[in-house]
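Step one of this worksheet: look at the structure below.
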Amino acid sequence: MQEAKEKKAREKAYIIKNTAFMLKSAFKCAPISLFIIYFSYIAENVYYAVVINVMFLETALSIIEGNGTFQEFVIRIGIIVLGKILVDLIGYIDVYTVRIKFEIKCESYLNSLIFKKAQEVELGCYENPEFFDKYNRATWVIDRGGFKRIIEGSAWTLGSVVSLVLLVSYLISIDPVLIVFVLCPVAVVAFRVLKNNLELQKEKDMTPYERQKDYVRRTILLKDFAKEIKTTNIFVVMEKRFRQAIEKNIGVIKKYGWKIALLEIFSDYFAEIIPVTGGFIYGCYRLIVVQDIPVSEFSVLVSAITTCRNKINQLAYYFAMQQKHCLWVQNLREFLEYETQIQSGDKIPDEFESLEFKNVSFKYKEDMDYILKNVSFTIEKGETIAVVGHNGAGKTTLSKLLMRFYDVSEGEILYNGINIKEYDLIKYREKFASVFQDYKVFAMTVSENVLTEEVTAENKEIAVNALKMAGAYKKIGKLPEKENSLLTKEFDKDGVLLSGGETQKVTIARLFARDFSVAVLDEPSSALDPVAESKMYDALIEGTKGKTVIYISHRLSSATNSDKILVFNNGELVEQGNHSELMEKGGEYSEMFTLQASGYTQNEEVCEDEE
């Protein structure tokens, strides 16, 4: 019971706080437009509820009964017509000019907040299903028009309240007893709130299954998965998952459907039958039995009660919708107010001198096993480091910790002898240039993909030189638009689709386009053939002279000329030294290299033939 009361209290607070948040956001984007929208809704509500349904009707019936002159009637009608023209004019200005610009500005503002937060959250969030559920629900405010509905709902609510106050004041002036029939629909608010809570819970329960359905829909249409889908039976599995998600959603609908239907029935009963029938019967009693009101007053009374009923029903509806949309906003606010676990420090890093892993252990979650266990090593300025080991040895996790995508579970990482947590996060990461094994290109031009920033007259040559150093310009230079060609067909049917190897060369070119202190290359040659791999390493050696370079790979072609080799196995650093030292030791590295030696010999012969 206490928990239910606390939940209701939270929901009321959500409505107030979240409506205030949206109004504050709207006022920040377009204050004049917000005022016009509110004025338009108030004017429209008051005009149709009070002026038309009460004043106009009362004027017309008074003339019929012989009360007042025709001239007075004409003057009143003229005022009413003028009011209609003004209300419509404001409405047209609002709908066709103000509101369109208002929506665009506000949606742009909210999207910018979401994009900024998406950049701030740590990498672990993207690997957390709960985060994606919260992110999806946060975007409902924009994708489902929640922002627009909250502003319009609050404006309409205010207009309805103003007109309702005027109508109730009029009815009380006729007979205070009428207030009973007018306020009866207030019960509708409670029923609609309960119904709305159930609908929100239903949508929340359906979110994981909707995500599963969306994943299947997206995957089937993506080029990345097309070959596997067409050549295997995985589609059968995916289709089964899709059907299972639909069945789960049907179960959720069955669970809540009958309850929602009952609440809708009670809402209609209190909204329609009691106020209209009760008010009409009471009016007839006054007109026929007591005979203390004229026909004109009876007609206006019934019209006013009906209008009050409609306004209260509308208020109940908008209140329920406001609650629903405000809970969408709550998801948005929770997402925007999420405090990232990776907190930035305030120190600005100096030029790179050394990097030290000191007794570092790491696991992704508390209930998981350690991925890295008590790892310690030092990297000095200008060194070339090869991090090797079988798949799953913890090599990629090492790069994630180095870039502070995650923080260590135990131990510390020191940059120039200072814990990396003390450095400004952006400035710290600027010291590194990275190429990841799960490389991606964007649906932008080749130059934009290389520079990862806006292309200008000053930096466009940097992109070209970087492409040449990466060995990508041989292909890019043959394209009609060369480095200005648009990659992928996401937005242009003439967009360029590069092979996996050419795509990886473009991503490697990003390295040569940056001014960096340390290069971190995670499986940089995974999509390259032996010849291209050899040329790439030659280019990397040439392009990173005087820089500190960390190669992470299970292929040992990068290890032979490295200053230091770090050998990982099952999350532990089992060996370190240069190639000669480790081969002489005859340990794990020697065994790995011996198994791959024939492959390296063949590669060298191919490279010599090419030369």
Side-chain angles (χ1 to χ4, degrees), residues 3-4 7 10-11 14 18 107 110-111 114-115 117-118 121-150 192-226 228-230 232-264 320-338 364-365 367-368 438 490:
E3 185 177 344
K7 183 180 178 182
R10 285 197 303 270
E11 288 172 353
Y14 289 162
N18 294 331
E107 288 181 6
L110 288 178
N111 272 318
I114 292 174
F115 295 158
K117 177 57 68 172
V121 298
E122 59 269 15
L123 188 64
C125 289
Y126 292 94
E127 300 168 355
N128 184 353
E130 292 180 6
F131 172 83
F132 269 103
D133 285 344
K134 182 172 287 188
Y135 175 79
N136 286 334
R137 290 196 293 268
T139 59
W140 288 354
V141 176
I142 300 170
D143 295 342
R144 302 190 181 186
F147 185 93
K148 171 185 174 182
R149 293 174 187 176
I150 284 177
R192 289 200 181 275
V193 168
L194 290 173
K195 176 191 167 198
N196 196 47
N197 287 338
L198 289 175
E199 288 181 337
L200 284 167
Q201 188 60 46
K202 181 190 74 174
E203 290 181 358
K204 185 176 181 181
D205 290 354
M206 291 173 68
T207 297
Y209 311 124
E210 289 297 321
R211 247 188 349 105
Q212 189 170 320
K213 286 165 56 183
D214 182 60
Y215 173 78
V216 174
R217 282 192 292 260
R218 284 188 294 106
T219 303
I220 288 174
L221 297 174
L222 286 175
K223 176 181 73 69
D224 298 351
F225 300 95
E228 284 79 3
I229 289 175
K230 292 181 183 299
T232 67
N233 290 322
I234 192 65
F235 177 75
V236 176
V237 180
M238 296 178 70
E239 188 179 29
K240 183 178 179 181
R241 294 281 176 84
F242 190 83
R243 289 198 305 269
Q244 287 174 344
I246 291 175
E247 290 171 1
K248 292 287 187 180
N249 276 343
I250 291 173
V252 173
I253 292 170
K254 287 180 178 179
K255 176 182 177 181
Y256 294 101
W258 67 271
K259 297 177 183 178
I260 293 172
L262 282 176
L263 288 170
E264 187 66 27
M321 287 299 99
Q322 199 78 344
Q323 182 196 32
K324 179 178 180 179
H325 298 142
C326 280
L327 288 175
W328 288 357
V329 178
Q330 184 64 24
N331 291 320
L332 172 62
R333 287 183 61 209
E334 286 178 0
F335 176 76
L336 295 177
E337 292 169 3
Y338 170 79
Y364 285 98
K365 291 183 179 180
D367 57 350
M368 295 176 66
D438 51 349
E490 183 80 21

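Everything numeric here is computed off the predicted structure, so don't read it as measured data.
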- Task: Answer yes if the side chains of Gln201 and Asp205 hold a donor-acceptor pair under 3.5 Å, and no otherwise.
- Result: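 Checked: Gln201/Asp205 side chains pair up, N/O donor to acceptor below 3.5 Å.
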State the [atom1]-[atom2] distance between [X] and [Y], to the nearest 0.5 angstrom.
| X | Y | atom1 | atom2 | answer |
| --- | --- | --- | --- | --- |
| Gln244 | Asn249 | CD | CG | 12.5 Å |
| Lys255 | Ile260 | NZ | CD1 | 11.5 Å |
| Tyr209 | Glu247 | OH | CD | 11.5 Å |
| Lys248 | Ile253 | NZ | CD1 | 14.0 Å |
| Asp214 | Thr207 | CG | OG1 | 11.5 Å |

Report yes or no: does [X] contribute a side-chain atom to a donor-acceptor pair with the main-chain N or O of [Y] at less than 3.5 Å?
| X | Y | answer |
| --- | --- | --- |
| Lys117 | Tyr338 | yes |
| Asn111 | Glu107 | yes |
| Gln212 | Arg241 | yes |

- Closest approach of Val216 and Met238, non-hydrogen atoms and distance?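 Between these two residues, the closest heavy atoms are CG2-O, 3.8 Å.
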- Item | Heavy-atom pair of closest approach, residues Met368 and Tyr364 |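 Scanning both residues completely, I find the closest heavy atoms to be SD-CB, 3.9 Å.
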- Task: Check whether any side-chain heavy atom of Arg217 sits under 4.5 Å from a side-chain heavy atom of Phe242, and report yes or no.
- Result: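 Counting from C-beta outward, Arg217 and Phe242 do come under 4.5 Å.
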